[in-house]
J.: 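For reference, the structure I am asking about is given below.
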Amino acid sequence: MPTLWSGRFDGERDDSLRLLGDSLRFDRRLYAEDIATSRAHARMLASVNLISDDELADLLVALDQVEHEIVDGSFAFAPSDEDIHTAVERRVSDLTPAGAKLHTGRSRNDQSVTGLRLFTRASIDNVSELVRALQTTLVDKADSMGTTAMPAYTHLQRAQPVSLAHHLLAYAWSLQRDIERLADTRHRVNVSPLGAGAIAGSTLPLDVAATTNDLGFEKTFDNSIDAVGDRDFVAEVLFDLALLGVHLGRLAEDIILWCTSEFGYMKLDDGFATGSSMMPQKKNPDTAELARGKTGRLIGNLTALLTTLKGLPSGYSKDLQEDKEPLFDSVDTITQIIPALAGAMETATFDIVRMEQAASDPLLGATDLAEWLVASGIPFREAHAIVGDLVKRSLAGEDSFESLLAASPSFGPAALERLKSGASRPSGHGAGSPEDTERQIDRLRTLLDER
C-alpha cells in the first residue's frame with residue numbers, strides 16, 4: 001500500500017527503516033487529538049471554499065466513525081500506517097472520496113504538533129487536578145492535627161520544635177508552586193501551529209484564526225518555521241513534572257523515615273504498604289519508595305528530550321518524533337504517583353505521643369534561649385556562645401541541660417519555665433504558630449477554591 005509520500009520514490013522502505021521510523025506503536029494514543037484537529041481543519045477548508053459543504057459533511061461522518069472504531073477496538077490498522085495520522089487519513093479515505101482532500105493545506109509537521117499540544121494541554125489540566133487533590137489531603141490532615149508538636153530537622157538532625165501541621169503544610173506550599181508553574185506553562189502550550197504546513201505555510205487561502213478558535217487555543221503561531229520546530233513546550237512540561245516529582249520524592253522520603261522503628265512517627269495503612277516474602281514481621285512503605293524512585297525517570301525524560309533538541313537545525317527534523325515517548329511516560333508516571341501518595345497520606349496515622357516526646361527535648365529550645373538573651377540586649381554571637389557552652393557541658397555529663405540552665409547566671413529558673421511552657425517558640429509570619437498555621441490553612445483553601 002502506498003505511503004502519503006510515495007509518489008517521489010521507487011520501491012518500498014527497507015524494513016529496518018520502517019521499524020526505526022514508524023511511530024504508530026506509541027502515537028496511536030493521540031487518535032482523539034488527531035481526529036479533533038482533522039475536524040477543525042475540515043471545517044476551515046469548507047469555510048474558505050476549498051471543499052464543499054457535502055464533502056465536509058462526509059468527512060465529519062467518516063471521522064466520527066473512525067473515532068468510534070478506534071474506541072471500540074474494531075479499527076484495523078494496516079502495515080502501511082506509519083503513524084496515527086496516516087492511519088486516520090487512510091481509513092477516512094476508505095469511507096469517503098472526500099478523504100483525499102482532508103490533507104489539503106497541511107503537513108504532518110503542523111498536524112502532529114497540533115495534536116501534541118492538545119494532549120499536553122489536557123495533561124496539564126489533569127495533573128493539576130491531581131496535585132490539588134493531594135494538596136487538599138495535606139491541608140485537611142494538617143487541620144486535624146491541631147498543635148501536635150514534632151521536631152523539625154536540618155541535616156537530618158533535630159533542630160527546633162514545630163507543629164506537625166506546619167510540617168505538612170510545607171509540602172502543600174511546594175505543590176502550590178508546581179500548580180502555578182504548570183498554569184504558566186499552559187499559556188505557552190496553548191498556541192495553535194495548524195496552518196504552518198511543512199515549514200512555510202501554504203499558498204492556499206487558509207484561515208488559521210478559524211482553526212485556532214475551533215480547537216480552543218489562546219493564540220496562533222507567529223512564524224511557520226518556529227511553529228513546526230518548537231518543542232520548548234514539551235521540555236517545559238517535562239521540567240515541571242520532574243520538579244513536581246522531586247517534591248513528591250521529598251514527601252516520600254519523609255514518609256519512609258517516619259515509618260521506620262527509629263523514628264516511629266507514622267504508620268501507613270495496610271493498603272499502601274507491602275510485606276516481605278521472607279520476613280513475616282515486615283511492613284514496607286512501597287508506595288513512598290516507588291514515588292521516590294520514579295522521580296529518576298522523570299528527570300531522565302527531561303534530559304533525554306533536551307539532549308535530542310540540542311543542536312537541531314531550525315524547522316522540522318525527524319529527531320522531533322522523539323518528543324512523544326518521554327512526554328507520555330512522564331505524564332503516565334506522575335499520574336500514578338500522585339493518587340498513591342494522596343491515598344497513603346489520607347489513611348496514615350501518626351504517633352502523637354512519640355512525636356511530642358521527641359519535640360520536648362530541651363536542647364531543641366537552644367535557639368529560642370539564645371534569642372531570649374538577644375531580646376535583653378546581649379549580642380547574638382555572645383548569646384549563641386553562652387547557650388552552646390551549656391549544651392556542651394550537658395552532653396559531657398556535667399548535669400542535665402535543664403539543671404545547668406536553671407543554675408546559669410545568664411538565665412535562671414524563669415528561663416527553665418519558659419522553655420518547658422514552649423512560650424519562646426517562633427511566632428512570626430510563616431513560623432508555624434497556631435495563629436500562623438491557621439492563616440496558612442485559610443490561604444491554601446482559598447487558593448484551592450480559585451481553580
J.: Are a donor atom and an acceptor atom from the side chains of D72 and H68 found within less than 3.5 Å of each other?
T.: yes
J.: Could you tell me whether the side chain of D399 reaches within less than 4.5 Å of the side chain of E402, counting heavy atoms only?
T.: no
J.: Looking at D140 and R445, does any basic side-chain N land under 4.0 Å from a carboxylate oxygen?
T.: yes
J.: With distance as the sole criterion, is a donor-acceptor pair present between the side chains of D81 and T86 under 3.5 Å?
T.: no
J.: Just verifying a value: how many Å separate D178 CG and I338 CD1, rounded to the nearest 0.5 Å?
T.: 8.5 Å
J.: Given the side-chain rings of F263 and Y153, with only the six-membered ring counted for Trp, is the space between their centroids under 6.0 Å?
T.: yes
J.: Between D83 and R108, does any side-chain N to carboxylate O distance fall below 4.0 Å?
T.: yes
J.: Mark yes or no for whether S317, through its side chain, and P313, through its backbone, hold a donor-acceptor pair below 3.5 Å.
T.: no
J.: Mind checking whether L182 and I179 have side chains closer than 4.5 Å, heavy atoms only?
T.: no
J.: Determine, for K141 against E346, whether the closest basic-nitrogen to carboxylate-oxygen distance falls under 4.0 angstrom.
T.: no
J.: Under a 4.5 Å cut-off applied to non-hydrogen side-chain atoms, are V228 and P193 in contact?
T.: no
J.: Give the intermediate values and the outcome of side-chain contact (heavy atoms from CB on, under 4.5 Å) for residues L169 and V139.
T.: CA-CA 6 Å; L169 292 174; V139 172; 4.2 Å; yes
J.: Check step by step if side-chain contact (heavy atoms from CB on, under 4.5 Å) holds for M345 and M266.
T.: CA-CA 10 Å; M345 289 302 301; M266 184 178 186; 3.6 Å; yes
J.: Would you confirm whether S38, through its side chain, and D34, through its main-chain N or O, come within 3.5 Å as a donor-acceptor pair?
T.: yes
J.: Quick one about D286 and T274 (side-chain donor to acceptor, distance below 3.5 Å, no hydrogens or angles considered), yes or no?
T.: yes
J.: Decide side chain to side chain donor-acceptor pair (under 3.5 Å) for S403 and S400; before the verdict, give the C-alpha distance in whole Å, the side-chain angles of both, and the deciding distance to 0.1 Å.
T.: CA-CA 5 Å; S403 297; S400 69; 2.8 Å; yes
J.: side-chain contact (heavy atoms from CB on, under 4.5 Å) between K310 and L306: does it pass, once the steps are laid out?
T.: CA-CA 6 Å; K310 177 188 176 297; L306 290 175; over 6 Å; no
J.: So, is the end of the R117 side chain (NZ or CZ) under 6.0 Å from the ring centre of F217 and within 45° of the ring's axis?
T.: no
J.: For the pair T287 (side chain) and F272 (backbone), establish whether a donor and an acceptor sit closer than 3.5 Å, ignoring hydrogens and angles.
T.: yes
J.: Return the minimal non-hydrogen interatomic distance between G315 and I225, and the atom names on each side.
T.: N-CG2, 3.7 Å
J.: Regarding D184 and R181, does a basic nitrogen lie under 4.0 Å from an acidic carboxylate oxygen?
T.: no
J.: Could you please spell out the steps behind the salt bridge (Lys or Arg N to Asp or Glu O under 4.0 Å) verdict for R297 and D329?
T.: CA-CA 9 Å; R297 70 191 295 158; D329 184 71; 2.7 Å; yes
J.: Quick one, L164 and I352 - any side-chain contact, counting heavy atoms below 4.5 Å?
T.: no
J.: Side-chain contact test, heavy atoms from C-beta onward, threshold under 4.5 Å: evaluate it for H247 versus Y171 and give yes or no.
T.: no
J.: Do other residues, nucleotides or ligands put more than 12 heavy atoms under 6.0 Å from R43 CZ?
T.: yes
J.: Would F239 and T185 count as a side-chain contact (heavy atoms from CB on, under 4.5 Å) here? Give the steps.
T.: CA-CA 10 Å; F239 170 78; T185 297; over 6 Å; no
J.: For Y265, is the NZ or CZ atom of R354 found under 6.0 angstrom from the centre of its six-membered ring and inside 45 degrees of the ring axis?
T.: no
J.: Do you know the tightest heavy-atom contact between A348 and L268?
T.: CB-CD2, 4.5 Å
J.: Between atom CG of L302 and atom CG of D240, what is the distance when rounded to the nearest 0.5 Å?
T.: 9.5 Å
J.: Measure the shortest side-chain to side-chain distance between T114 and T211 over non-hydrogen atoms and say whether it is less than 4.5 angstrom.
T.: no
J.: Taking the side chain as every heavy atom from C-beta outward, state whether L248 and I334 have any pair of such atoms under 4.5 Å apart.
T.: yes
J.: Which atom names give the shortest non-hydrogen contact between S330 and N301, and what distance separates them?
T.: OG-ND2, 2.9 Å
J.: Salt bridge (Lys or Arg N to Asp or Glu O under 4.0 Å) between R132 and E129: does it pass, once the steps are laid out?
T.: CA-CA 5 Å; R132 289 187 184 99; E129 283 303 306; 2.9 Å; yes
J.: Less than 3.5 Å apart, any donor N or O on the side chain of N284 or E289 sitting next to an acceptor on the other?
T.: no
J.: Compute the ring centroids of Y31 and F75, then answer whether they are less than 6.0 Å apart.
T.: no
J.: Determine whether a donor-acceptor pair (N or O, by modelled atom type, separation under 3.5 Å) exists between the side chain of Q135 and the backbone of A172.
T.: yes
J.: Parallel, tilted or perpendicular: which describes the rings of F380 and H384, with under 30° parallel and over 60° perpendicular?
T.: perpendicular
J.: So, T295 side chain and A291 main chain: donor-acceptor pair closer than 3.5 Å or not?
T.: yes
J.: Can you name the closest pair of heavy atoms from R158 and A358 and give their distance?
T.: NH2-CB, 3.5 Å
J.: Could you report the tightest heavy-atom contact between G432 and S163, atom names first, then the distance?
T.: O-OG, 4.0 Å
J.: Under 4.0 Å between a Lys/Arg side-chain N and an Asp/Glu carboxylate O for R393 and D389?
T.: yes
J.: Using a strict threshold of under 4.0 Å (side-chain N to carboxylate O), is an ion pair present between K283 and D270?
T.: yes
J.: With a 3.5 Å distance limit and no angle check, can you tell me whether N126 reaches the backbone of A122 through a side-chain donor-acceptor pair?
T.: no
J.: Tell me whether N109 contacts the main-chain N or O of A198 through its side chain, where contact means a donor paired with an acceptor under 3.5 Å.
T.: yes
J.: Look at E180 together with R177 and state whether they make a salt bridge at an N to O cut-off of under 4.0 Å.
T.: no
J.: Do the side-chain N and O atoms of Q440 and D436 include a donor-acceptor pair separated by under 3.5 angstrom?
T.: yes
J.: Can you tell me if S394 uses its side chain to pair, donor with acceptor, with the backbone of L390 under 3.5 Å?
T.: no
J.: D230 versus F221: any side-chain heavy-atom pair under 4.5 Å?
T.: no
J.: If you look at every heavy atom in R121 and G216, which pair is closest and at what distance?
T.: NH1-O, 2.9 Å
J.: The test is salt bridge (Lys or Arg N to Asp or Glu O under 4.0 Å); show your working for E236 and R231 and say whether it passes.
T.: CA-CA 9 Å; E236 197 168 352; R231 294 301 184 275; over 6 Å; no
J.: With a 4.0 Å cut-off on N to O distance, would you call D27 and K324 a salt bridge?
T.: no
